[in-house]
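Following: one structure in structure tokens, then a few remarks.
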Amino acid sequence: MSGFLAGLLVAVLPLLAAGFWLGRRTARPASLAGLGTPVEHATFETLHTASLATPPLRAGLTEETARKSARKLRSLLGTDALCLTDRDRVLVWDGVGAHHRAEIMERLAGPLDTGRGEAFPLTCDTPDCTVRWAVVAPLTVDDRVHGALVACAPRESAVLVRAAGEVARWVSVQLELADLDQSRTRLIEAEIRALRAQISPHFIFNSLAVIASFVRTDPERARELLLEFADFTRYSFRRHGDFTTLADELHAIDHYLALVRARFGDRLSVTLQIAPEVLPVALPFLCLQPLVENAVKHGLEGKSDQCHIQITAQDAGAEALVVIEDDGAGMDPGLLRRILAREVSPTGGIGLSNVDDRLRQVYGDDYGLVIETAVGAGMKITVRLPKYQPGVHSAGRLTPK
């Protein structure tokens, strides 16, 4: 949290400075009596303009994001022209004097190498061109120069040099946040790949063995199980987004349980109680199936009699409440805490800690797994899924009904 606040201050303070400068240039005391002083009004306008430029920049520095944010950035500085570049080319030019593109790129070699700002006069043979001076402010992320913000004006201005530097620092903060977002996305994708890699080879082997056992005695049953196996593996190894719907996840669980029941027969019974209104809720892909696999494993472990698993999904206002409960061997709570803290590796299958971590990354620490268990008392796992979470949406249904 402290790192976030520090980043927020770094992002906002330069804009306040730019707003103060803009207020000094655009003060209109007669018409702003009800909105504070002219400088305060200009500061509020500056922050509002900056907020409009933020969404594109949070996607990184590309030609499209530069185009969407350039006009707002030029409005912050009040310059005749502004361009954003990467290390190789001008991504966008907003304002007059676009014929200076080539000259500016030639002069950027030094600032891009050193990471230091620079101001220089522009040569121009066009009599009515108002762009005569350029201020270059590098855009850096983790001490690496990714490009530059170039503000162009009719004349040299020390104030513009300072203001352009401050706005470039704010842009750099947005690009750094974009880099963090991309790193987080790569981490989630890596964890999904790890989940796929950890799908129990024993489960795959046992499923194929069960299917093979029915080939001669009950070919129709073997065909049905083979389709269940194909649907389950197709869902597990799909390449289509990080999120799915509760309906799709439960559908995959149904395929999984059909294969497990074919192996264990009457030893395993499953009850599902699903509220239809929560089926469209989006959640991280492969988030519930590992919990059901855990219930099967620990529910049947060390038991010769029947194991019962109950899966419920209820509407809880702004959330969907999913509970997976078994009456199996349970677990020592102390051992469970160590597993969730990754101090101990779970034995086989996909660890509870992986699912717990993913839920916390997507929804926040308040949405980790809630697990009730004791030795010999089974296990109850509760998952809270917000119905509406920014950035969480399903890419579409892939599994057949």
Side-chain angles (χ1 to χ4, degrees), residues 192-215 218-276 278-300 306-313 320 322-326 328 348-352 354-355 358 381 383 385 394-401:
I192 290 176
R193 288 194 294 270
L195 279 170
R196 288 168 172 156
Q198 291 180 52
I199 290 176
S200 173
H202 296 291
F203 165 72
I204 294 176
F205 174 80
N206 290 331
S207 297
L208 293 175
V210 168
I211 294 170
S213 71
F214 283 105
V215 169
D218 191 346
E220 185 60 27
R221 176 67 168 150
R223 176 182 174 279
E224 292 173 357
L225 290 174
L226 191 59
L227 292 175
E228 299 280 9
F229 180 77
D231 286 340
F232 174 73
T233 53
R234 184 185 300 114
Y235 176 81
S236 300
F237 292 95
R238 75 176 195 176
R239 295 179 178 273
H240 195 67
D242 300 328
F243 303 100
T244 186
T245 63
L246 184 56
D248 277 351
E249 190 81 352
L250 290 173
H251 202 68
I253 289 171
D254 187 53
H255 293 314
Y256 169 79
L257 290 174
L259 294 164
V260 173
R261 280 193 292 257
R263 178 187 175 197
F264 291 104
D266 293 338
R267 286 189 58 199
L268 177 66
S269 66
V270 181
T271 302
L272 286 89
Q273 295 179 337
I274 310 299
V278 300
L279 291 177
V281 173
L283 72 161
F285 173 64
L286 274 183
C287 186
L288 299 182
Q289 188 276 333
L291 304 182
V292 175
E293 182 176 344
N294 178 80
V296 170
K297 179 179 183 298
H298 292 285
L300 292 169
Q306 188 181 65
C307 166
H308 180 70
I309 296 175
Q310 181 167 325
I311 303 172
T312 63
V322 180
V323 178
I324 299 169
E325 187 172 5
D326 68 75
I350 303 169
L352 295 175
N354 197 312
V355 175
R358 291 174 65 214
I381 303 177
V383 182
L385 301 171
S394 170
R397 185 176 179 87
L398 292 181
T399 53
K401 292 187 178 181

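- The minimum heavy-atom distance linking P280 with T245 is given by the pair O-CG2, 4.1 Å.
- To the nearest 0.5 angstrom, H308 atom NE2 is 9.5 Å from L268 atom CG.
- In this structure, L279 and L250 have side chains that are in contact, with non-hydrogen atoms separated by less than 4.5 Å.
- When all heavy atoms of L286 and R358 are compared, the pair lying nearest together is O-NH1, 3.1 Å.
- At least one side-chain heavy atom of F243 sits less than 4.5 Å from a side-chain heavy atom of P284.
- Under the rule for a side-chain contact (heavy atoms from CB on, under 4.5 Å), the partners of E228 that lie at least two apart in sequence or sit in another chain are H255, A258, L259.
- Closest heavy-atom contact between T244 and E249: CG2-OE1, 3.7 Å.
- The two residues I324 and A295 make their nearest non-hydrogen contact at CG2-CB, 4.1 Å.
- Scored by the side-chain contact (heavy atoms from CB on, under 4.5 Å) test, A262 finds V210, R221, L225 as partners (sequence neighbours excluded).
- One distance of note links CG of L291 with CD of E325; it measures 13.5 Å at 0.5 Å rounding.
- Looking at heavy atoms from C-beta onward, L283 lies in side-chain contact with L246 at the 4.5 angstrom threshold.
- Once rounded to the nearest 0.5 Å, the distance linking CG of L257 with CD of E293 reads 10.5 Å.
- Every residue two or more places apart in sequence or in another chain that forms a side-chain contact (heavy atoms from CB on, under 4.5 Å) with L272 is listed here: V270, I274, I311.
- Atom CD1 of residue I309 and atom CD1 of residue I253 lie 10.5 Å apart, to the nearest 0.5 angstrom.
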